[in-house]
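Each remark here refers to the structure printed beneath this line.
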Amino acid sequence: MPAGTVKSFKPSKYIPVAAATVFLVGSTTLFFTFTCPWLNTEVSPALTAYNAIMFLFVLANFSMATFMDPGIFPRAEEDEDKEDDFRAPLYKTVEVRGVQVRMKWCSTCRFYRPPRCSHCSVCDNCVEEFDHHCPWVNNCIGRRNYRYFFLFLVSLTLHIMSVFICGLFYTLGHPDQLRDIPAAVTISVMCVAGLFFFPVAGLTGFHIVLVSRGRTTNEQVTGKFRGGVNPFSNGCCQNVSHVLCSSSPPRYIKRSHNQSVLSISPPFLRPEVSENQIGLKILDNGIQKSRSSLELTESQSADAEPPPPPKPDLSRYTGLRGQPDNSLLTTESPPTPTMYRFRPGFSSGSGGPAPSTKVRSPLDVFLMFPICTLEGTLGLWWVIFCCAVKGSLSFLKSF
């Protein structure tokens with residue numbers, strides 16, 4: 001049975017179609033083996049030929065209705081429809097020949113079902129022009145296989161009638177041999193044909209009425225277009241010709257083909273490492289890496305780019321008060337240390353004159369600039385060096 005998704009195997013759903021196949025093929029085989037030889041010699045060979053052709057026609061339509069795709073719509077991928085199922089409206093309305101037809105949102109297939117489309121609860125697929133799910137053919141009946149299902153019903157009804165009538169002729173021609181094996185088998189085949197004739201004939205008549213009205217079983221059962229105009233009906237003759245003579249609709253789900261597997265050779269293929277060769281090593285930062293990954297890291301080419309330097313530990317710089325943590329990562333010049341930026345303030349409460357600002361020479365600025373940027377022992381040595389240079393210059397100026 002065609003399906004849009006892969007589902008679990010359920011043997012119980014194959015019991016009806018297996019039983020229908022056994023009754024159809026088994027009873028017809030017994031009919032050709034025990035009844036047709038007498039018909040071929042006593043009545044006419046045309047009866048045998050007619051029954052053979054009718055049986056092949058029934059079997060062909062039965063196979064097409066069983067194995068053919070009924071018109072399953074492919075499901076939308078998750079990245080194709082970003083709309084939330086709860087926010088999407090349940091129905092959308094379209095106009096078909098002046099009649100408003102509702103399209104229902106399918107939460108399983110994630111799209112709005114086209115007109116006359118319905119989601120089958122057995123196959124779990126949305127089928128175009130869904131008629132019903134037939135367990136006797138183990139398939140949905142939709143737009144693509146409804147023709148073969150309808151012809152199967154009509155031909156099966158005619159075949160059952162032919163088998164029953166021919167068996168009746170044989171029984172009436174051998175009234176004294178009813179206890180023989182050929183007569184007993186013929187009577188058994190007649191009982192099977194009579195048992196299935198009434199339900200099959202009733203179902204055939206029901207679908208003949210549906211075809212003439214341009215309706216499906218789902219529309220008839222749910223009551224659609226019962227009180228109004230059916231926009232999909234074109235008249236009795238046009239409806240019958242559409243079912244029997246129209247071209248086959250396209251298949252929406254493509255058959256899966258075996259894709260060629262590309263073989264990738266090293267260095268694009270990673271070497272396979274067995275479980276015995278893998279040894280976990282806990283690093284200082286607590287991250288677990290395998291021994292093979294460490295060996296691969298060590299064996300990398302020297303031309304590879306070096307890893308980025310580690311981030312500086314800003315907790316060591318205690319003199320940077322009020323600065324953000326990432327101040328050292330910027331491209332600007334480092335800030336002036338606190339010990340050189342701020343000077344002891346003068347008290348303005350004594351009412352004395354404001355201290356005069358001393359104008360420094362360019363030499364003092366040049367010598368004091370490294371002091372503002374250096375800290376610790378290096379800054380102290382630079383102060384001593386500057387004092388020595390200034391003393392030497394003052395000594396030279398005295399001469």
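Given the structure is predicted, the values throughout are model-derived calculations rather than measurements.
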**OP:** May I ask you to test the Leu151-Leu244 pair for a side-chain heavy-atom distance under 4.5 Å?
**Re:** yes
**OP:** Tell me, with the steps shown, if Arg97 and Asn234 meet side chain to side chain donor-acceptor pair (under 3.5 Å).
**Re:** CA-CA 11 Å; Arg97 295 182 180 179; Asn234 298 319; 2.5 Å; yes
Subject >> Worked check of side chain to side chain donor-acceptor pair (under 3.5 Å) between Ser233 and Asn239 >> reply: CA-CA 7 Å; Ser233 178; Asn239 293 335; 3.3 Å; yes
Original post:
When rounded to the nearest 0.5 angstrom, what is the spacing between CD1 in Ile160 and CE in Met54?
Top reply: 11.5 Å
**OP:** Please round to the nearest 0.5 Å and tell me the distance separating atom SG of Cys36 and atom CG of Leu30.
**Re:** 11.0 Å
Original post:
Any side-chain heavy atom of Pro231 within less than 4.5 Å of one from Val101?
Top reply: yes
Original post:
Does a side-chain heavy-atom distance below 4.5 Å link Ile141 with His133?
Top reply: no
Original post:
If every non-hydrogen atom of Gly173 is compared with every non-hydrogen atom of Trp38, which pair is closest and at what distance?
Top reply: CA-CZ2, 4.4 Å
Original post:
Side-chain contact, heavy-atom cut-off 4.5 Å: Asn51 with Cys166?
Top reply: yes
Original post:
What's the verdict on side-chain contact (heavy atoms from CB on, under 4.5 Å) for Val43 and Phe169, showing C-alpha distance, side-chain angles and the deciding distance?
Top reply: CA-CA 9 Å; Val43 181; Phe169 284 162; 5.6 Å; no
Subject >> Nearest heavy atoms of Val137 and Thr66, plus distance in Å >> reply: O-CG2, 3.1 Å
Original post:
Got a donor-acceptor contact below 3.5 angstrom from the Thr216 side chain to the Glu219 backbone?
Top reply: yes
Original post:
In this structure, are over 12 heavy atoms from other groups packed under 6.0 Å from Phe206 atom CZ?
Top reply: yes
**OP:** Check the side chains of Thr217 and Asp131 for a donor-acceptor pair under 3.5 angstrom, ignoring hydrogens and angles.
**Re:** yes
Original post:
Can you hop from Val22 to Leu59 via hydrophobic side chains spaced under 4.5 Å?
Top reply: no
Subject >> Pairwise distance OG(Ser188) to CZ(Phe34) - rounded to 0.5 angstrom >> reply: 10.0 Å
Original post:
Shortest non-hydrogen contact from Phe23 to Val192?
Top reply: CD2-CG1, 4.1 Å
Original post:
What's the spacing between Thr186 OG1 and Leu168 CG if we round to 0.5 Å?
Top reply: 11.0 Å
**OP:** Evaluate whether atom OH of Tyr50 has more than 12 neighbouring non-hydrogen atoms of other residues, nucleotides or ligands under 6.0 angstrom away.
**Re:** yes
Original post:
Got a salt bridge between Asp124 and Arg75, using NZ or NE/NH1/NH2 to carboxylate O under 4.0 Å?
Top reply: yes
**OP:** State yes or no: are the ring centers of Phe57 and His159 separated by less than 6.0 Å?
**Re:** no
Original post:
So, do His119 and Cys109 sit near enough that their side-chain heavy atoms are less than 4.5 Å apart?
Top reply: yes
Original post:
Would you find a donor on one side and an acceptor on the other, under 3.5 Å apart, between the side chain of Arg213 and the backbone of Arg215?
Top reply: no
Subject >> Donor-acceptor contact present, side-chain Arg102 to main-chain Lys92, <3.5 Å >> reply: no
**OP:** Could you tell me whether Glu128 and Arg116 have a side-chain N and a carboxylate O separated by less than 4.0 Å?
**Re:** no
Original post:
CG of Leu172: more than 12 outside heavy atoms within 6.0 angstrom?
Top reply: yes
Subject >> Arg147/Ser246 under side chain to side chain donor-acceptor pair (under 3.5 Å): CA gap, chis, key distance, verdict >> reply: CA-CA 9 Å; Arg147 173 190 307 170; Ser246 62; 3.3 Å; yes
**OP:** Considering non-hydrogen atoms only, spot the tightest contact between Phe130 and Asn218 and give its length.
**Re:** O-CB, 3.7 Å
**OP:** Take the angle between the ring planes of His207 and Tyr146 and call it parallel below 30°, perpendicular above 60°, tilted in between.
**Re:** tilted
Original post:
Any sub-3.5 Å donor-acceptor pair from Asp69's side-chain atoms to Gly71's backbone N or O?
Top reply: yes
**OP:** Would you check if the distance from the ring center of His132 to the ring center of Phe149 is below 6.0 Å?
**Re:** yes
**OP:** Under the ring pair (Phe, Tyr, Trp, His ring centres under 6.0 Å) rule, what do Phe164 and Phe197 come out as? Steps first, then yes or no, please.
**Re:** CA-CA 9 Å; Phe164 186 85; Phe197 173 75; 7.8 Å; no
Subject >> Backbone of Gln238 reached by a side-chain donor or acceptor of His242 within 3.5 Å >> reply: no
Original post:
Are Leu203 and Ile208 in one and the same hydrophobic cluster, where Ile, Leu, Val, Met, Phe, Trp and Tyr link if side-chain heavy atoms are under 4.5 Å apart?
Top reply: yes
Original post:
Would you call Val17 and Phe62 a side-chain contact if the rule is heavy atoms closer than 4.5 Å?
Top reply: yes
Original post:
How many angstroms lie between atom CD1 of Ile165 and atom CE of Met190, to the nearest 0.5 angstrom?
Top reply: 10.0 Å
Original post:
For the residue pair Phe232 and Pro115, what are the closest heavy atoms and their distance?
Top reply: CZ-CB, 3.7 Å
Original post:
So how far is it from Tyr112 OH to Met103 CE, rounded to the nearest 0.5 Å?
Top reply: 8.0 Å
Original post:
Counting distance only, does the side-chain N/O of Asn230 pair as donor-acceptor with the main-chain N or O of Gly214 below 3.5 Å?
Top reply: yes
Subject >> Full working for side-chain contact (heavy atoms from CB on, under 4.5 Å) between Val58 and Thr28 >> reply: CA-CA 11 Å; Val58 170; Thr28 305; over 6 Å; no
**OP:** Hey, can you tell me if Phe111 and Phe73 have their rings parallel, tilted or perpendicular (30° and 60° cut-offs)?
**Re:** perpendicular
Original post:
Do Asn125 and Cys120 come within less than 4.5 Å of each other through their side chains, counting heavy atoms only?
Top reply: no
Subject >> Nearest non-hydrogen partners of Ala65 and Asn145, listed with the distance >> reply: O-ND2, 3.3 Å
Original post:
What do you reckon, is CH2 of Trp136 surrounded by more than 12 foreign heavy atoms closer than 6.0 Å?
Top reply: no
Original post:
Do any N or O atoms from the side chain of Thr41 and from the backbone of Pro37 form a donor-acceptor pair under 3.5 angstrom?
Top reply: yes
Original post:
Hey, are the side chains of Tyr252 and Ile72 touching, using non-hydrogen atoms and a 4.5 Å cut-off?
Top reply: no
Subject >> Stepwise side-chain contact (heavy atoms from CB on, under 4.5 Å) check, Phe31 with Val185 >> reply: CA-CA 8 Å; Phe31 172 77; Val185 171; over 6 Å; no
Subject >> Residue pair Val189, Thr35: steps toward the side-chain contact (heavy atoms from CB on, under 4.5 Å) verdict >> reply: CA-CA 10 Å; Val189 172; Thr35 308; over 6 Å; no
